[in-house]
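Below: the structure, in structure tokens.
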Amino acid sequence: MATQQPALVLDPTGAHHHAEHRTLREGGPATRVDVLGVEAWSISDPVLLKQLLTSPDVSKDARAHWPAFGEVVTTWPLALWVAVENMFTAYGPHHRKLRRLVAPAFSARRVDALRPAVESMVTGLVDRLAELPAGEPVDLRQELAYPLPIAVIGHLMGVPEDRREGFRALVDGVFDTTLDQAEAQANTARLYEVLDELIAAKRATPGEDMTSLLIAARDDEGDGDRLTPHELRDTLLLMISAGYETTVNVIDQAVHTLLTRPDQLALVRKGEVGWGDVVEETLRHEPAVKHLPLRFAVRDIPLPDGRTIARGEAILASYAAANRHPDWHEDADTFDATRTLKEHLAFGHGVHFCLGAPLARMEVALALESLFGRFPDLRLADPAEELPPVPSLISNGHQRLPVLLHAG
């Protein structure tokens, strides 16, 4: 039986994720894995993954479609990923309702209107870099990759500046897969306290931000589609965390790649590729999210090799492994901004495709253009192999990104 297949235990620290992803691909389209004690089917074949991500036979609603939910949610360190009540875990018509409430914040018009504000934020951060003492290493993850996305999502959601650093630390904890159950539960409890404080503040003094708009949708008694209190809080959690953590990693990975692949940076400087090409190849080559927990089989799903994902079993979307699948991209392990096929799964696929993708792309492209334009001699301060990864099987970035801004 498929459930008796030995499970590959995924490393919660993500220390050697590329080797782990190769092992997953070598195991076929689907591999049994252990995710911090929970068994799931890791899907690393892009064709199969896209099929499952668009199939009505696959749900993200753990309460409705995961028999183990009641037991697992009390002990699993990643319980928040399946227990939240927002569009991330919704299925069918309920998902469409929740997505419809949030989608206007990320419309093409709204994102385009945000560009001047994002440009100003980027300029301010790069100006601040220029004021730092010359010759001393600067951690770009701390000084650029972190503050830009949290400023943008803070602006969009109406999070006051003095609250943003608190959100940042707590969201980091959501993606940290080395926390034990007690640590994860404590982080979640504090995160909800901070969200409740934000809701109370915005209910008392609403603004034009998305938080105030969602509260209005919640409080409008005449709206049959209004959010429940849990949905309101968890929707804010989703928008703040997804709009922040992932973009941090894309900026980090893009800068790291260009500093370790000067030939690719030279292509940009010569005008042979654009910053948008760099962003897309970064999203393919080093996506911000390696694995995304979890989805669930609504009914038995036959696999191409004759095995079956049984009804109620968990499914792990292994985006990073799929993005480098050799059947999808030639020389898939090599970063190549000139690729004509720019497809990837960094933002998901199907009805759960990331609403914030256009905003994230804009943020990263503007950050790269400004950074490399201002500091043409930018280089890593430490050997690339000495930069440890973020301790996570979900999040894909470096713990630090030390650079020297000037020649010398």
Side-chain angles (χ1 to χ4, degrees), residues 53 60 81 84 86-90 95-119 121-122 145-159 164 167-168 171-172 174-175 195 198 208-214 217 227 231-254 275-276 279-280 282-284 286-290 292 317 319-320 323 342 344-368 394-397:
L53 294 177
K60 294 198 75 176
W81 288 84
V84 290
N86 55 33
M87 66 182 180
F88 181 78
T89 56
H95 172 262
R96 289 192 291 273
K97 181 198 90 169
L98 295 176
R99 190 176 177 96
R100 186 170 64 248
L101 290 169
V102 174
F106 298 99
S107 67
R109 180 188 61 79
R110 184 72 181 265
V111 171
D112 191 56
L114 283 171
R115 177 177 287 271
V118 176
E119 289 176 339
M121 294 173 197
V122 170
Y146 267 126
L148 177 61
I150 201 69
V152 172
I153 201 66
H155 173 81
L156 179 67
M157 301 302 296
V159 179
R164 292 174 186 174
F167 270 116
R168 169 188 154 177
V171 170
D172 285 348
V174 173
F175 286 81
L195 286 167
L198 176 63
E208 295 301 318
D209 52 84
M210 193 61 192
T211 299
S212 298
L213 294 176
L214 288 172
L227 296 167
E231 288 170 346
L232 169 61
R233 189 168 63 169
D234 285 347
T235 295
L236 294 178
L237 168 61
L238 173 63
M239 295 181 71
I240 292 171
S241 59
Y244 151 63
E245 177 76 17
T246 52
T247 309
V248 172
N249 289 327
V250 183
I251 295 172
D252 169 345
Q253 294 286 9
W275 291 114
V279 173
E280 292 309 306
T282 301
L283 290 165
R284 184 200 70 81
E286 292 286 3
V289 171
K290 292 175 288 195
L292 190 66
Y319 293 134
N323 276 358
K342 300 186 183 299
H344 56 75
L345 292 167
F347 291 119
H349 184 71
V351 296
H352 284 275
F353 184 84
C354 178
L355 280 171
L359 180 58
R361 286 177 163 121
M362 180 178 71
E363 288 180 55
V364 180
L366 290 174
L368 295 176
I394 300 172
S395 192
N396 185 26

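Sequential numbering from 1 along the given sequence is applied to the chain's residues.
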Show, in sequence, the C-alpha distance, side-chain angles and deciding distance for L227 and L98, and conclude whether the side chain to side chain contact (heavy atoms under 4.5 Å, CB included) test is met.
CA-CA 8 Å; L227 296 167; L98 295 176; 3.5 Å; yes
Using 0.5 Å steps for rounding, measure from the [atom1] atom of [X] to the [atom2] atom of [Y].
X: L237; Y: F167; atom1: CG; atom2: CZ; answer: 9.0 Å
X: R115; Y: L359; atom1: CZ; atom2: CG; answer: 10.5 Å
X: R361; Y: T282; atom1: CZ; atom2: OG1; answer: 12.0 Å
X: E286; Y: N323; atom1: CD; atom2: CG; answer: 10.0 Å
X: L292; Y: K60; atom1: CG; atom2: NZ; answer: 5.0 Å
X: R233; Y: L214; atom1: CZ; atom2: CG; answer: 14.5 Å

Considering only residues two or more places apart or on different chains, which pairs with a residue in residues 241-254 satisfy side chain to side chain donor-acceptor pair (under 3.5 Å)?
R141-N249, R141-D252, D172-Y244, E245-S395, N249-S395, D252-H398, Q253-N396
State, to 0.1 Å, how close G348 and F353 come at their nearest heavy-atom pair, and which atoms those are.
O-CD1, 3.5 Å
Shortest non-hydrogen contact between L198 and I240, atoms and distance
CD2-CD1, 4.3 Å
Return all side-chain donor-acceptor pairs below 3.5 angstrom for residues 147-156, not counting sequence neighbours, or 'none' if the list is empty.
none

Hey, can you pull the donor-acceptor pairs under 3.5 Å for the side chains in residues 101-114, sequence neighbours left out?
| unit_1 | atom_1 | unit_2 | atom_2 | d |
| --- | --- | --- | --- | --- |
| S107 | OG | P104 | O | 3.4 |
| S107 | OG | R110 | N | 3.1 |

Partners passing salt bridge (charged side-chain N to carboxylate O under 4.0 Å, His left out) against R164 (at least two apart in sequence or in another chain)
none
Heavy-atom donor-acceptor pair, K290 side chain to A320 backbone, under 3.5 Å
no
Which residues share a side-chain hydrogen bond (donor to acceptor under 3.5 Å, both in side chains) with N86, sequence neighbours left out:
none
Residues in side-chain contact (heavy atoms from CB on, under 4.5 Å) with H95, at least two apart?
M87, A90, R99, V351, H352
Do [X] and [Y] come close enough that some side-chain heavy atom pair is under 4.5 Å?
X: L238; Y: V84; answer: no
X: R284; Y: K342; answer: no
X: E363; Y: V250; answer: no

Results of ring-ring contact (aromatic ring centres under 6.0 Å, His included) for H349 - residues two or more places apart only
none
ring-ring contact (aromatic ring centres under 6.0 Å, His included) against F175, all qualifying residues, sequence neighbours excluded
W81
